[in-house]
Amino acid sequence: MTPGSPWGDRLNTEIAFTLPRGYVDAHGAVHREGTMRLATARDEIEPLRDAAVRQNEAYLTVLLLARTVTRIGETTAITPALIEGLFAADFDHLQRLYERLNSDGEVVGVVSCPACEHEFEVDMTDVDDARLGR
C-alpha cells in the first residue's frame with residue numbers, strides 16, 4: 001500500500017456508508033448505516049452467468065451490490081430482493097460507492113469521528129472541489 005492512499009497504510013476491505021433514505025425492514029424500521037466490502041474478481045464474474053443478467057444487463061448492478069453489501073442496519077442477509085426494494089436514491093448511492101471503491105477513478109477516503117472513533121466514507125472529490133471553491 002502506498003503512503004497517502006485513501007485506505008491508509010493497511011488495506012481495509014470494508015467501508016461504512018450511510019444511505020440517504022434508508023432501508024425499511026419488514027417491521028417498518030428504517031436502517032441507514034451499513035457496510036460494503038471490496039469486490040473480488042469472482043464477484044464480478046459470477047453474476048454474468050445469471051439468466052436475469054443475460055436478459056437485462058442492468059440487473060448486474062443488483063447482483064453486484066447483493067454480493068458486496070455486507071450489512072444494512074442489523075441485516076446481514078443482503079439478497080437481490082432486498083437491493084431491488086431499496087429506494088432509488090439509496091440504490092444510486094450504493095452503485096456510486098461500488099464504482100468508487102472498485103475503480104482507480106474517484107477516491108473515497110475513510111475518516112473516523114474524533115469523539116466516538118466511528119469510521120465512515122468521505123468522497124474525496126467533493127473535498128477537493130470544496131477546497132478549490134467549486
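Please read all numbers here as calculations on a predicted model, not as lab measurements.
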ask   = Taking side chain as C-beta onward, heavy atoms only, is Tyr23 less than 4.5 Å from Asp90?
value = no

Pro80 versus Ala66, closest heavy-atom pair with distance = N-CB, 3.7 Å

query = What is the minimum heavy-atom distance between Ala77 and Leu82, and which atoms define it?
reply = O-CD1, 4.2 Å

inquiry  = Do Tyr59 and Glu84 pair up side chain to side chain, a donor and an acceptor below 3.5 Å, judged on atom types alone?
reply    = yes

inquiry  = For the CZ atom on Arg32, are there more than 12 heavy atoms of other groups (residues, nucleotides or ligands in this structure) within a distance under 6.0 Å?
reply    = yes

message = So which atom in Pro47 and which in Val53 form the shortest heavy-atom distance, rounded to 0.1 Å?
response = O-CG2, 3.3 Å

key: Taking every non-hydrogen atom, the tightest pair across His93 and Phe17   = NE2-CB, 4.3 Å

query = Which distance, rounded to the nearest 0.5 Å, do you find between the CD1 of Ile78 and the CZ of Arg71?
reply = 9.0 Å

ask   = Hey, what do you get for NE2 (His31) to OG1 (Thr18), rounding to the nearest 0.5 Å?
value = 14.0 Å

inquiry  = Go through it in stages, so that I can follow the logic: the residues are Met36 and Thr70, the test is side chain to side chain contact (heavy atoms under 4.5 Å, CB included), and I'd like the CA-CA distance, side-chain angles, deciding distance and then a yes or no.
reply    = CA-CA 5 Å; Met36 178 185 289; Thr70 56; 5.9 Å; no

Between CG on residue Asp92 and CG on residue Leu97, distance to nearest 0.5 Å = 11.0 Å

ask   = Which heavy atom in Thr35 sits nearest to a heavy atom in Ala16, and how many Å separate them?
value = CG2-CA, 4.2 Å

message = Under 4.0 Å between a side-chain nitrogen and a carboxylate oxygen: does that hold for Asp43 and Arg67?
response = yes

task = Report yes if the side chains of Leu60 and Leu48 come closer than 4.5 Å at any heavy-atom pair, otherwise no.
result = yes

ask   = In terms of side-chain geometry, is the basic nitrogen of Asp50 or Arg54 positioned less than 4.0 Å from the acidic oxygen of its partner?
value = no

query = Below 4.5 Å, heavy atoms only, C-beta onward: do Phe91 and Val62 meet side chain to side chain?
reply = yes

Side chain proximity check, Leu94 to Leu19, heavy atoms < 4.5 angstrom = yes

Residues Val24, Phe87; criterion side chain to side chain contact (heavy atoms under 4.5 Å, CB included); working and verdict = CA-CA 9 Å; Val24 181; Phe87 294 111; 4.0 Å; yes

Between CG on residue Leu86 and CD1 on residue Ile72, distance to nearest 0.5 Å = 5.0 Å

ask   = Rounded to the nearest 0.5 Å, what separation is found between the CD atom of Glu74 and the OG1 atom of Thr76?
value = 9.0 Å

query = If you measure from CG on Leu101 to CZ on Arg96, what distance do you get to the nearest 0.5 Å?
reply = 12.0 Å

